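Structure record follows, encoded as structure tokens.
Since this is a predicted model, take the numbers as computed values, not measurements. In what follows, chains are A, B, ... by sequence order, proteins preceding strands, each numbered from 1.
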Amino acid sequence: MPSSSAGIVLDPTSSLAHDLTSSGPDVGTLAGKVIGFRIDMLWRSWDWVTDIWAEELRSAGAEVRFWRSMARTGEEGDRMRAELDAFLNSIDVAVVGLANCGSCTSWTIHDALSAAERGLPTIAVATAHFEDLAHNLARRGGRSGLRLHLLPYPLDILAKDQVHDIARRQYRSFLRSLGVHDRLAELPAV
Amino acid sequence: MTDWLSSRRYKTSLDVVEFTLFAESLGWGDGLPLVPPTEERVQEYVVAGRRFPDEVIAILPPLRSEATAEKIAINAAMAGAPCEAMPLIYAAISAMAEPCFDLAGLNATTGSVVPAVIVNGQQRHDLRIPFGAGLMGGADGYAPAIGRAIRLVMRNIAGQHVGTTSKSVYGNPSRVAGLVVGEWEERSPWAPLAARRGVTGNAVTVYGAMGSMNVCDVVADSADALLDVIGASLAYPGANGFLPSTAFSEALVFINPVWADMIGRTYPNIQDVQQRLWEQASLPVDSFRPEYREPLTKLGHTTPDDRIHLCPTPNDILVAVAGGEGGLHGHLIHSWGTCLSVTSAVLHE
């Protein structure tokens, strides 16, 4: 028979005390803004999506810059930290992806939080399978309100023209997620 | 005494079975029985660790929470680790939080990785950390309890939970009781692993360990033959270091003491061992399909002899002597992502 003696035990868990539920500032109008895409060394599909979105953003009068995240440890990691810092200093809006695996979701949210903490309008981009992880990491990073745009999953096994079609179809919803105030973003859905 | 511990208190049964049910209901457990972390018990762990309870040992992702000496002690108590292991546990957790270890990625990844802890120094004997027969699992000693303490820290402090913050597709058997092993320094013809990495005496080296694999050889009668079979065995196409998205990787090789004797006679300098292993741990570039070859070439992984090496340099292959005196087998552990191993001193005084 087990003993039923009661006593006091201590909580082994830790929790983060603060949380920002705000999604941060909207982009507003696109014309004249510098939009920064954070891409990576993992997902060619994300390169293809950002190619399309960059083309559209340029048509709307924005300037587009890219920064590719490589290895995040060792000497290359040191270089990446410096490059990310310089990149975030050079843009008005941060579009950070792609959260399409466990570790890349972690780094996507990490970099998005870095951008958001500077006050930049920021959006992280994830595929649907990693939505929960992205939200969890944002909340645990102290910003549950971080904007998140979802792409379908699986994405990386699709052909380039299929991914381009997805990017074109999602461009308007991407603008709305980002808080863009222009005719295309605010056009009623048909 | 009780006021130096600041954690929230719960009144509950102290019976192990009943407490385990209680802890599981709060998400604290790993499915194995848990020792109730009473104030008196936790105090013993804090005292043994020689740290103030509120001292922050590390900030651990994904929760980015403060792993204080007290919180780590509570988890060590629940795991049933010996109090005397607290300095080792603190050192291992602190090492895992170094940026180059990439714990943020490691704890979230789809990969099947767990931080392994390789132990050097007198503490191997004091804490009964296995370095001989059966060291990877099954040997007597406290390694599973120490490893479990570290795993509970990852769960309860770092916030690593399968399905929410960890996307590991398969997990890893060592995600329950960790992987804590010693090096058989007394049987090694080379300096201890930690000493070669700049830390003498009691030390831990943490390493991002994917699943372990065995190498068996019953024919080799020379150092070169053994190193060739070990090195070639490291090089399989799906290994972390051959991924077109991995900029670099490490590899960990355990050599049993019988093989170490033979290899050490031919190669008294460990760098020569690493060089031979590195040369063999490679694949011809033509063995990769074009869609793999192109990104690997872009990363600069192809050497002038048209081979792609698992690791960028011979120094990235970590070698340790451990295992039973039955010989015949070596043990290999591939690394994960661009996680770089970290060696830290363990301060017992």
Quiz item: Minimum heavy-atom separation for B:Cys100 to A:Gly74, with atom names?
Solution: CB-N, 4.0 Å

Quiz item: Pick from A:Leu42, A:Ile8, A:Asn136: which one has the most heavy-atom pairs with chain B under 4.5 Å?
Solution: A:Ile8

Quiz item: Among B:Thr38, B:Asn75, B:Val42, which residue meets the side chain to side chain contact (heavy atoms under 4.5 Å, CB included) test with A:Leu10?
Solution: B:Val42

Exercise. Run through B:Ser13, B:Pro37, B:Ser7 and flag the one making a side chain to side chain contact (heavy atoms under 4.5 Å, CB included) with A:Val9.
Key: B:Pro37

Quiz prompt | Under 4.5 Å from any heavy atom of chain A - which part of B:Thr68 | solution = neither

Practice problem: Using non-hydrogen atoms and a 4.5 Å limit, figure out which bit of A:His110 sits close to chain B: side chain, backbone, both or neither. | Solution: both

Self-check item: Greatest number of heavy atom pairs closer than 4.5 Å to chain A - which of B:Leu26, B:Asp102, B:Leu340, B:Leu60
Solution: B:Asp102

Practice problem: With rounding to the nearest 0.5 Å, note down the distance linking CD in B:Glu66 to OG in A:Ser14. | Solution: 8.0 Å

Quiz item: Can you check whether A:Cys101's main-chain N or O pairs, donor with acceptor, with B:Thr110's side chain at less than 3.5 Å?
Solution: no

Quiz item: Would you find more than 12 non-hydrogen atoms of other residues, nucleotides or ligands less than 6.0 Å from B:Tyr292 atom OH?
Solution: no

Quiz prompt | Partner of A:Pro12 by side chain to side chain contact (heavy atoms under 4.5 Å, CB included), out of B:Ile74, B:Ile72, B:Leu34 | solution = B:Ile74

Quiz item: Which heavy atom of A:Glu76 sits nearest a heavy atom of B:Ala247, and at what distance?
Solution: OE2-CB, 3.9 Å

Self-check item: Contact class of A:Met70 relative to chain B, heavy atoms under 4.5 angstrom
Solution: side chain

Quiz prompt | B:Leu299 CG to A:Met41 CE distance, which is reported to the nearest 0.5 Å | solution = 4.5 Å

Quiz item: Do other residues, nucleotides or ligands put more than 12 heavy atoms under 6.0 Å from B:Glu291 CD?
Solution: yes

Exercise. Report the distance from atom CD of B:Glu250 to atom OG1 of A:Thr73, rounding to the nearest 0.5 Å.
Key: 8.5 Å

Self-check item: Selection from B:Pro244, B:Gly105, B:Ala23, B:Pro61 maximising heavy-atom pairs under 4.5 Å formed with chain A
Solution: B:Gly105

Quiz item: Who in residues 150-160 of chain B is close to chain A, using a strict under-4.5 Å heavy-atom cut-off?
Solution: B:Asn156, B:Ile157, B:Gly159

Quiz prompt | Spatial distance of atom OG (A:Ser103) from atom CG (B:Leu106) [nearest 0.5 Å] | solution = 9.0 Å

Exercise. Work out which heavy atom in A:Ser106 is nearest to a heavy atom in B:Ala104; give both atom names and the distance.
Key: OG-O, 3.0 Å

Quiz item: Given the options B:Phe101, B:Phe19, B:Phe248, which has more heavy-atom pairs under 4.5 Å with chain A than any of the others?
Solution: B:Phe248

Quiz prompt | Nearest heavy atoms of B:Pro99 and A:Arg81, plus distance in Å | solution = CB-NH1, 4.4 Å

Quiz item: Taking every heavy-atom pair that is under 4.5 Å apart, which of B:Lys11, B:Lys298, B:Glu70 has the most such pairs with chain A?
Solution: B:Lys11

Practice problem: Can you see which heavy atom on A:Thr13 is nearest to which on B:Lys71, and at what distance? | Solution: O-NZ, 2.8 Å

Quiz item: Name the one of A:Leu133, A:Leu137, A:Thr105, A:Ile109 that satisfies side chain to side chain contact (heavy atoms under 4.5 Å, CB included) with B:Pro62?
Solution: A:Leu137

Self-check item: Non-hydrogen atoms of B:Lys167 and A:His129 that approach each other most closely
Solution: NZ-O, 3.7 Å

